[in-house]
Amino acid sequence: MSSPEKWTHPGPGSPPATAAKPTAEQVIAGLRATDEGGADLVQLLTPEGERVQHPDFDIDITAEELRGLYRDMVLVRRADREANALQRKGELGLWVPLLGQEAAQIGAGRALRPMDMAFPSYREHGVAWCRGIKPGQILSMFRGTDNGSWDPVEHRFHPYTIVIGNQVLNAAGYAMGQKFDGKVGDADSEATMVFFGDGATSQGDVHEGFVWAAVYDAPLVFFCQNNQWAISEPTERQSRLPLYQRARGYGFPGIRVDGNDVLATLAVARWALEECRQGNGPILIEAFTYRMDAHTTSDDPSRYRLSDELELWKLKDPIERVKVHLVKQQWADQEFFDSVEADAERMAIELREHCVTLPDPSTERIFSQVYAEGNPVLEAQRDEFLAYHAGFAGGEH
C-alpha cells in the first residue's frame with residue numbers, strides 16, 4: 001500500500017460499505033489496511049524492536065527512561081487484566097479493557113507536563129496511571145462505590161466520561177479558557193489533551209469541539225486512539241478518509257502515529273503539546289493501534305471480527321517490541337524483567353484485595369452527591385426516602 005487513500009476506498013466492482021454485514025472482501029481489505037497504517041505513519045520502533053529514523057520526529061531516550069516506559073506498560077496491563085478477571089467474577093459491574101493500547105496511552109500520558117490538563121473517555125486507565133491516579137480509584141467507579149474519587153484539579157485529570165465524545169466539548173471549553181487567561185506563549189504555558197476513540201469521531205460533539213478549538217486557536221491536542229473497531233463497526237465504515245486527514249477540513253494539522261510504538265507516540269505527543277503551548281494549536285493525533293480485547297466486558301468481539309486479525313496484531317504487541325529493544329541494546333537483563341513482573345503481581349494482589357473490600361456507599365449519597373447545595377424540596381425527598389428505606393431494616397427486600 002503506497003498511500004493512505006488506498007486504505008479507504010473499495011476497489012472496482014466492490015460492493016459499497018453500507019451493507020448490513022461486511023463482505024469477505026471488505027473484511028480482508030480492512031485487515032490488510034490495518035496492518036499497514038499508511039505511508040504517513042510515524043514510527044520509531046518497529047514491531048521487531050528495531051529503532052528507525054523519521055525525518056520529522058525523533059527522540060533521545062536513555063536506558064533508564066525506556067525501562068520506565070516498559071514498567072508503566074507492564075503494570076498498566078496487569079491492572080487491566082486483573083480488573084477484567086474481577087468483572088468476570090462478579091466483583092465489578094463492567095470493565096473497559098485497554099489491552100493492546102498501552103503504548104498509545106503511556107506515550108501520550110508521559111508527554112503531558114504537570115500543568116497540562118487531560119480529559120479522558122472511559123478507557124484511559126494508562127493515562128490515569130501517568131497522572132497519579134491509582135488503579136483502585138478506577139475500579140471503585142466500575143464497582144459503583146463512587147463516581148471517581150480523585151481531585152481533577154490536583155491531578156489535572158478530568159473524571160471519566162461515559163457519553164461518547166462529550167469530553168471533547170468539555171476539553172475545548174477548558175482549552176479556550178487557557179487561551180483567554182493568557183496561559184499560552186510563555187514559559188508557564190499550558191495545554192490540554194483530550195482522548196477519544198475512532199467511533200467517537202462519528203459523534204457531533206467531537207466535530208463541534210474541532211470547530212470551537214480551531215476558531216479560537218485553543219491549545220488543544222485531540223488524541224484519537226484508532227483501535228480499528230467502534231464496538232462492532234470497523235473504521236472503514238465510518239470514514240472515507242484516514243481519520244487524521246479530517247483535521248484538514250477544520251484548518252489545523254493532523255498526524256498519524258504508530259499507537260503501538262511508545263517512543264513514536266511520546267515524540268509526537270510532546271511535539272503537539274508544545275505547539276499548543278506556544279499558541280499554534282489545535283492538533284489532531286491519530287494513534288493507529290488495536291483493541292486486543294472486547295469493547296467492554298458486555299461485548300463479544302468474536303461475533304464481528306476474524307481471529308486472523310487478532311493474531312496479526314499480536315505480532316505488533318506494544319510491550320514486546322520494547323522488551324526486545326531493551327535486550328538488543330543490553331539496557332535490561334532478566335533480573336530487571338523479573339522484578340517488573342513481581343511488582344505487577346504484587347500490585348494485582350493489592351488491587352484485588354482493595355476491590356473486594358470496598359465499603360458499600362450509604363443510601364443517603366444519592367441525594368448528597370448530586371447538588372452542590374441542598375434545598376427544601378430535595379431534603380424533603382431525602383427524608384421521605386430514607387424513612388421508607390429504614391422500614392425494611394431486618395427484613396428481606
Side-chain angles (χ1 to χ4, degrees), residues 83 86-87 90-96 117-125 127-128 131-181 192 194-197 199-200 203-209 211-213 216 218 220 231 296-298 354-397:
L86 285 165
Q87 194 283 329
E91 300 294 346
L92 300 178
L94 184 75
W95 182 246
V96 186
M117 186 67 183
F119 284 78
S121 62
Y122 44 70
R123 199 186 303 274
E124 276 67 56
H125 321 314
V127 184
R131 302 308 274 175
I133 310 298
K134 296 179 179 179
Q137 294 176 281
I138 305 296
L139 262 61
S140 63
M141 289 190 299
F142 290 95
R143 191 171 171 86
T145 61
D146 62 55
N147 298 317
S149 60
W150 64 87
D151 183 342
V153 176
E154 176 187 354
H155 291 277
R156 311 292 285 174
F157 187 77
H158 193 267
Y160 274 23
T161 302
I162 304 300
V163 179
I164 305 298
N166 184 249
Q167 71 275 14
V168 176
L169 283 178
N170 298 333
Y174 189 93
M176 288 165 59
Q178 290 173 315
K179 179 70 178 294
F180 297 155
D181 290 344
T192 295
V194 59
F195 297 85
F196 52 95
Q203 295 290 331
D205 284 3
V206 174
H207 294 274
E208 291 172 17
V211 170
W212 283 95
Y216 285 92
L220 179 57
I231 308 182
T296 71
T297 48
S298 64
H354 170 80
C355 179
V356 300
T357 58
L358 282 168
D360 292 335
S362 66
T363 306
E364 184 269 342
R365 193 188 68 170
I366 63 175
F367 298 93
S368 63
Q369 299 296 316
V370 177
Y371 298 101
E373 297 180 0
N375 60 74
V377 174
L378 180 66
E379 291 168 0
Q381 291 176 343
R382 178 199 62 199
D383 294 343
E384 179 182 1
F385 179 79
L386 292 179
Y388 169 77
H389 189 269
F392 292 101
E396 295 183 359
H397 58 282

Going from CE on Met141 to CG on Leu94, what distance comes out if it is rounded to the nearest 0.5 angstrom?
11.0 Å
Taking everything shown except Phe367 itself, do over 12 heavy atoms lie less than 6.0 Å from its CZ?
yes
Testing the 3.5 Å rule here: is there a donor-acceptor pair between the side chains of Thr161 and Asn166?
no
Could you tell me whether the side chain of Arg131 and the main chain of His158 form a donor-acceptor pair under 3.5 Å?
no
Tell me which donor-acceptor pairs under 3.5 Å the side chains of residues 370-378 have, and how far apart each pair is, sequence neighbours excluded?
unit_1: Asn375; atom_1: OD1; unit_2: Val377; atom_2: N; d: 3.1
unit_1: Asn375; atom_1: OD1; unit_2: Leu378; atom_2: N; d: 2.8

Would you call the rings of Trp150 and Phe157 parallel, tilted or perpendicular, taking 30° and 60° as the class edges?
tilted
Could you check Gln167 against Ser121 for side-chain hydrogen bond (donor to acceptor under 3.5 Å, both in side chains), going step by step and ending with a plain yes or no?
CA-CA 7 Å; Gln167 71 275 14; Ser121 62; 4.5 Å; no
Pair Tyr174, Met117 - check side-chain contact (heavy atoms from CB on, under 4.5 Å), show working.
CA-CA 9 Å; Tyr174 189 93; Met117 186 67 183; 3.5 Å; yes
Restricting to non-hydrogen atoms, name the atom on Gly132 and the atom on Gln137 that form the minimum distance, rounded to 0.1 Å.
O-OE1, 4.4 Å
With a 4.5 Å cut-off on side-chain heavy atoms, are Cys355 and Leu92 touching?
yes
CZ on Arg143 to CD1 on Ile138, rounded to 0.5 Å:
16.0 Å
Can you check whether Ala200's main-chain N or O pairs, donor with acceptor, with Gln203's side chain at less than 3.5 Å?
no
Between the side chain of Arg382 and the main-chain N/O of Glu364, is any donor-acceptor distance below 3.5 Å?
no
How long is the span from the NE2 atom in His125 to the OH atom in Tyr160, to the nearest 0.5 Å?
4.5 Å
Close side-chain approach of Ile164 and Tyr122, heavy atoms under 4.5 Å
yes
So, taking the atom named OG1 in Thr192 and the one named CD in Gln178, what distance separates them when rounded to the nearest 0.5 Å?
3.5 Å
About how many Å separate CZ of Phe196 and CD of Glu124, when rounded to the nearest 0.5 Å?
10.5 Å
With the side chain counted from C-beta on, respond yes when Val168 and Asp205 share a heavy-atom pair under 4.5 Å apart, and no when they do not.
no
For residues Pro361 and Gly144, report the shortest heavy-atom separation together with the two atoms involved.
CG-O, 3.9 Å
How many angstroms lie between CZ in Phe119 and CG in Leu220, if you round to the nearest 0.5 Å?
9.0 Å
Taking only residues two or more places apart in sequence, or in another chain, which ones meet Tyr388 in a ring-ring contact (aromatic ring centres under 6.0 Å, His included)?
Phe392
Check whether Ser140 reaches the backbone of Asp146 with its side chain - one donor and one acceptor, N or O, closer than 3.5 Å.
no
Mind listing the closest non-hydrogen atom pair of Gly209 and Leu169 along with its distance?
N-CD2, 3.8 Å
